[in-house]
Amino acid sequence: QVQLVESGGGLVQAGGSLRLSCAASGIIFRINTMGWYRQAPGKQRELVATITSAGSTNYADSVKGRFTISRDNAKNTVFLQMNVLKPDDTAVYYCKTSTNHWGPGTQVTVSS
């Protein structure tokens, strides 16, 4: 049974930082491409960043230079370091596997 659990969300002022974690179980983590997505109120869910099993990364234009995705295969965990946060980054953040399993999400709120 695949389980993903996100953590690290919270309330932060604009310009601040947060680090999200997503712990995975029930999958062969090291071979999965992992992704972070987000959904703001009234908007569609959108891709934030992905990282392949080889460590190649891809970012949405809106977060390039501010967010960094990484993974620790020994701990079955993917991370999202978010710096210089903006109010527009406010959303529920989800992690996803390449097998289309989703976590429940973690709320990130950036105040102006």
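Residue pairs satisfying the disulfide (SG to SG under 2.5 Å) criterion with at least one member in residues 39-112, sequence neighbours excluded, are listed as follows: Cys22-Cys95. Legend: ring-ring contact (aromatic ring centres under 6.0 Å, His included) pairs involving residues 70-100, not counting sequence neighbours: none detected. Each side chain to side chain donor-acceptor pair (under 3.5 Å) pair with one or both residues in residues 103-112, not counting sequence neighbours, appears once here: Gln107-Thr109.
Taking OG1 from Thr50 and CE from Met34, the interatomic distance works out to 11.0 Å, rounded to the nearest 0.5 Å. Between the CG atom in Leu80 and the CG atom in Leu18 there is a gap of 9.5 Å [rounded to 0.5 Å]. The OG atom of Ser62 lies 9.0 Å from the CG atom of Asp88; values are rounded to the nearest 0.5 Å.
Between Ser21 and Glu6 there is no side-chain heavy-atom pair separated by less than 4.5 Å. Proximity of Thr57 to Thr68: side-chain heavy atoms (C-beta onward) are nowhere separated by under 4.5 Å.
Judged purely by distance below 3.5 Å, without hydrogens or angles, the side chains of Thr77 and Asp72 never pair a donor atom with an acceptor atom. For the residue pair Asn32/Arg30, the side-chain donor-acceptor check at 3.5 Å is not satisfied.
A pairwise comparison of heavy atoms in Ala40 and Ala91 identifies N-CB, 3.8 Å as the closest pair. Summarising the geometry of Met82 relative to Leu85, their closest heavy-atom pair is CB-CD2, 3.8 Å, with the distance given to 0.1 Å.
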Report task. Test Arg38 against Val108 for side chain to side chain contact (heavy atoms under 4.5 Å, CB included), laying out the working first. Result -> CA-CA 9 Å; Arg38 67 186 182 186; Val108 171; over 6 Å; no
**Report entry** From CA spacing to verdict: side chain to side chain contact (heavy atoms under 4.5 Å, CB included), Arg66, Lys86
**Finding:** CA-CA 10 Å; Arg66 301 188 297 121; Lys86 304 175 181 179; 3.8 Å; yes
Query raised in the report: When you look at Lys75 and Phe29, which way does the side chain to side chain contact (heavy atoms under 4.5 Å, CB included) test go after all the steps?
Result: CA-CA 9 Å; Lys75 296 182 178 179; Phe29 181 82; over 6 Å; no
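A distance below 6.0 Å separates the ring centres of Trp102 and Tyr37.
Distance alone, capped at 3.5 Å, places no donor-acceptor pair between the Gln39 side chain and the Gln44 backbone. Counting only distance, with no hydrogens or angles, the side chain of Arg71 and the backbone of Thr33 share no donor-acceptor pair below 3.5 Å.
Following chains of ILVMFWY side-chain contacts shorter than 4.5 Å, one cannot reach Val84 starting from Ile69, and the two form parts of different hydrophobic clusters. When the side chains of ILVMFWY residues are joined at heavy-atom separations under 4.5 Å, either directly or via intervening members, Val12 and Leu20 end up in a single hydrophobic cluster. A continuous path of ILVMFWY side-chain contacts below 4.5 Å connects Val2 to Ile51, so both sit in one hydrophobic cluster. Under a hydrophobic clustering in which Ile, Leu, Val, Met, Phe, Trp and Tyr are joined whenever their side-chain heavy atoms come within less than 4.5 Å, directly or via other members, Val110 and Tyr59 fall into the same cluster.
For Gln81, the side chain to side chain donor-acceptor pair (under 3.5 Å) partners two or more places apart in sequence, or in a different chain, are Asn83. Applying the salt bridge (charged side-chain N to carboxylate O under 4.0 Å, His left out) test to Arg45 and every residue at least two apart in sequence or in another chain returns nothing. By the side chain to side chain contact (heavy atoms under 4.5 Å, CB included) test, Ser53 pairs with no residue at all, sequence neighbours left out.
A salt bridge links Asp61 with Lys64; the closest basic N to acidic carboxylate O contact falls under 4.0 Å.
At most 12 heavy atoms of other shown residues, nucleotides or ligands fall within 6.0 angstrom of atom CD1 in Ile28.
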